[in-house]
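Working notes, beginning with the structure itself.
In this chain, residues are counted from 1 in sequence order. Given the structure is predicted, the values throughout are model-derived calculations rather than measurements.
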Amino acid sequence: MAAVSLRLGDLVWGKLGRYPPWPGKIVNPPKDLKKPRGKKCFFVKFFGTEDHAWIKVEQLKPYHAHKEEMIKINKGKRFQQAVDAVEEFLRRAKGKDQDLSIPESSTVKGMMAGPTATFKWQPNVSEPVKDADPHFHHFLLSQTEKPAVCYQAITKKLKICEEETGSTSIQAADSTAVNGSVTPTDKKIGFLGLGLMGSGIVSNLLKMGHTVTVWNRTAEKCDLFIQEGARLGRTPAEVVSTCDITFACVSDPKAAKDLVLGPSGVLQGIRPGKCYVDMSTVDADTVTELAQVIVSRGGRFLEAPVSGNQQLSNDGMLVILAAGDRGLYEDCSSCFQAMGKTSFFLGEVGNAAKMMLIVNMVQGSFMATIAEGLTLAQVTGQSQQTLLDILNQGQLASIFLDQKCQNILQGNFKPDFYLKYIQKDLRLAIALGDAVNHPTPMAAAANEVYKRAKALDQSDNDMSAVYRAYIH
């Protein structure tokens with residue numbers, strides 16, 4: 001968007017990332033929230049949501065001058081609700097002045113007090129709050145620069161929930177507000193592995209102000225993050241030796257072991273007090289072995305595989321399953337807030353690996369069933385789109401279901417979660433069942449379909465490409 005002359009109180013269209021321009025109003029920020037350094041920007045309150053963000057001036061357009069243009073190119077219920085909220089605001093404003101700035105006596109003071117205080121705008125009666133897309137809500141806040149002042153309310157929003165199983169979750173009452181105002185740890189962070197998941201994680205760590213050193217087997221993948229402010233590590237050992245906490249996210253058990261035990265590997269950089277967090281999805285035996293060698297050198301170990309996909313990683317909306325050193329888990333709090341919406345502490349090493357494999361077993365089996373249903377609809381003369389419409393109106397409705405069905409209907413299998421990795425997870429989950437003599441017939445059947453898809457050269461496509469195993 002071209003730069004324009006704007007001022008406080010103007011209605012605007014604000015653009016952030018991959019999201020469409022959204023209607024908002026330039027308002028006064030909270031008294032203690034300083035403007036980010038760098039390019040000129042305005043503090044914008046978005047209509048139809050409770051979101052707000054610092055937006056660079058070149059990403060803003062006047063509302064009235066571009067209204068027809070934006071309505072033509074943008075569709076969707078939430079977008080229309082936002083436009084309706086603007087029009088309602090304008091109708092009401094004709095009779096009296098409207099001021100959307102935050103009064104210190106209510107909102108700012110409210111953020112500084114109370115166990116459930118939130119860093120959110122209070123709804124204005126002239127702007128009814130609609131169903132905001134949670135990913136858009138998170139995205140708006142995650143794009144704001146780190147504020148100069150961090151409110152105590154952010155830390156108060158974390159709640160510790162002890163479950164009957166003895167597991168604990170550090171969960172944000174409103175994860176998007178917390179993720180938008182993370183206070184980065186002063187510890188030096190290392191990150192090894194910049195694949196689909198790791199790239200999004202590192203990007204969010206940097207956005208939230210963490211000091212990050214990166215390494216990747218293919219060094220070229222580091223370049224983008226160096227431009228964003230990351231430092232480059234020449235080897236895993238160097239990253240570990242120069243950082244306080246080093247995270248790793250690689251493809252499978254062999255890669256996880258090679259990273260730690262191989263030449264110039266993690267183990268060579270471990271000294272007493274150094275911390276290693278393995279975010280790879282592997283089996284419990286592998287993660288237990290890695291924990292033992294790290295601890296034997298005086299290091300601290302945490303396993304923390306993540307549930308999600310590339311998009312959730314980019315949006316900072318992953319679910320983190322952790323186990324091992326409880327103190328290290330707490331030391332990783334700001335990092336987990338930056339990369340995810342929720343984290344769970346599951347006890348001793350191995351528990352997170354087992355839980356992650358079970359989660360992915362369910363997901364992989366469900367994906368295979370979706371593909372099976374769509375192909376059965378096709379061969380029996382039923383509309384696949386109608387099947388999706390019916391499913392989206394029922395109890396199975398979910399973002400996962402809709403996205404994967406859309407992939408299939410459009411023939412777009414660009415990887416969001418590699419097919420080869422979900423098959424690997426199914427294989428490991430079946431082995432987990434075998435180890436305790438527990439039957440996993442549904443997972444075993446799904447695994448065979450994924451193996452067929454791999455034989456059809458679908459390994460590097462999205463998991464939804466399992467559909468092709470049914471049509472060939």
From [atom1] ([X]) to [atom2] ([Y]), nearest 0.5 Å:
{"X": "Ile422", "Y": "Lys424", "atom1": "CD1", "atom2": "NZ", "answer": "8.5 Å"}
{"X": "Leu432", "Y": "His438", "atom1": "CG", "atom2": "NE2", "answer": "9.5 Å"}
{"X": "Asn309", "Y": "Leu318", "atom1": "CG", "atom2": "CG", "answer": "8.0 Å"}
{"X": "Met279", "Y": "Leu302", "atom1": "CE", "atom2": "CG", "answer": "9.0 Å"}
{"X": "Leu357", "Y": "Leu428", "atom1": "CG", "atom2": "CG", "answer": "5.5 Å"}
{"X": "Asn204", "Y": "Cys335", "atom1": "CG", "atom2": "SG", "answer": "11.5 Å"}

Using every non-hydrogen atom in the two residues, find where [X] and [Y] come nearest and quote the distance to one decimal.
{"X": "Asn216", "Y": "Cys222", "answer": "N-SG, 3.6 Å"}
{"X": "Trp54", "Y": "Cys41", "answer": "CE3-SG, 3.8 Å"}
{"X": "Ala465", "Y": "Ala453", "answer": "O-CB, 4.4 Å"}
{"X": "Gly373", "Y": "Leu387", "answer": "O-CD2, 3.7 Å"}
{"X": "Ile320", "Y": "Ala304", "answer": "CG2-CB, 3.9 Å"}
{"X": "Tyr450", "Y": "Met367", "answer": "OH-CB, 3.2 Å"}

Intermediate values then yes/no, side-chain contact (heavy atoms from CB on, under 4.5 Å), Ser313 and Leu196: CA-CA 8 Å; Ser313 176; Leu196 288 184; over 6 Å; no
Using 4.0 Å as the upper bound for N to carboxylate O, is an ion pair formed by [Y] and [X]?
{"X": "Glu88", "Y": "Arg92", "result": "yes"}
{"X": "Glu448", "Y": "Arg452", "result": "no"}
{"X": "Lys414", "Y": "Asp462", "result": "no"}

Phe247 and Phe191 aromatic ring geometry - parallel, tilted or perpendicular at 30°/60° bounds: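 Parallel.
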A side-chain contact here means heavy atoms from C-beta on lying under 4.5 Å apart; do [X] and [Y] qualify?
{"X": "Tyr467", "Y": "Ile370", "result": "no"}
{"X": "Ser459", "Y": "Tyr418", "result": "no"}
{"X": "Lys221", "Y": "Ser199", "result": "no"}
{"X": "Lys61", "Y": "Val12", "result": "no"}
{"X": "Phe43", "Y": "Asn28", "result": "no"}

Using only atom types and a distance under 3.5 Å, with no angle test, would you say the side chain of [X] pairs donor to acceptor with the backbone of [Y]?
{"X": "Ser334", "Y": "Thr185", "value": "yes"}
{"X": "Gln382", "Y": "Thr380", "value": "yes"}
{"X": "Glu303", "Y": "Ala353", "value": "yes"}
{"X": "Ser464", "Y": "Lys404", "value": "no"}
{"X": "Asp416", "Y": "Gln311", "value": "yes"}
{"X": "Gln384", "Y": "Leu374", "value": "yes"}
{"X": "Asp425", "Y": "Asn360", "value": "no"}
{"X": "Gln458", "Y": "Leu456", "value": "yes"}
{"X": "Thr375", "Y": "Ala371", "value": "yes"}
{"X": "Ser280", "Y": "Ser251", "value": "no"}

Check against side-chain contact (heavy atoms from CB on, under 4.5 Å), Lys341 and Leu312: CA-CA 10 Å; Lys341 64 177 179 179; Leu312 293 177; over 6 Å; no
For Glu348, does the CD atom have more than 12 heavy-atom neighbours from other residues, nucleotides or ligands under 6.0 Å away?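 Atom CD in Glu348 is not packed in, count stays at 12 or less.
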Counting neighbours of CD on Gln410 that are heavy atoms of other residues, nucleotides or ligands and sit closer than 6.0 Å, is the number greater than 12?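 Yes - once you tally the heavy atoms of other residues, nucleotides and ligands closer than 6.0 Å, there are more than 12.
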Pair Asp84-Gln80, side-chain donor/acceptor within less than 3.5 Å: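 A pair is found: one side chain offers a donor N or O, the other an acceptor, under 3.5 Å apart.
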Is it the case that Gln310 and Asn314 place a side-chain donor and acceptor less than 3.5 Å from each other?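 No, no side-chain donor-acceptor pair sits under 3.5 Å.
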What verdict does the side-chain contact (heavy atoms from CB on, under 4.5 Å) test give for Phe46 and Ile55, after you've listed the backbone C-alpha separation in whole Å, the side-chain angles of each residue and the deciding distance to 0.1 Å? CA-CA 11 Å; Phe46 290 93; Ile55 308 292; 4.0 Å; yes
State which residue, out of Phe89, Trp22, Tyr63, Phe79, fulfils the ring-ring contact (aromatic ring centres under 6.0 Å, His included) condition with Phe47.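 With Phe47 as partner, ring-ring contact (aromatic ring centres under 6.0 Å, His included) holds for just one option, Phe89.
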Checking Asp278 against Thr286 for the side-chain contact (heavy atoms from CB on, under 4.5 Å) test, could you report, in this order, the C-alpha distance in whole Å, the side-chain angles of both residues, the deciding distance, and whether it holds? CA-CA 11 Å; Asp278 195 336; Thr286 294; over 6 Å; no
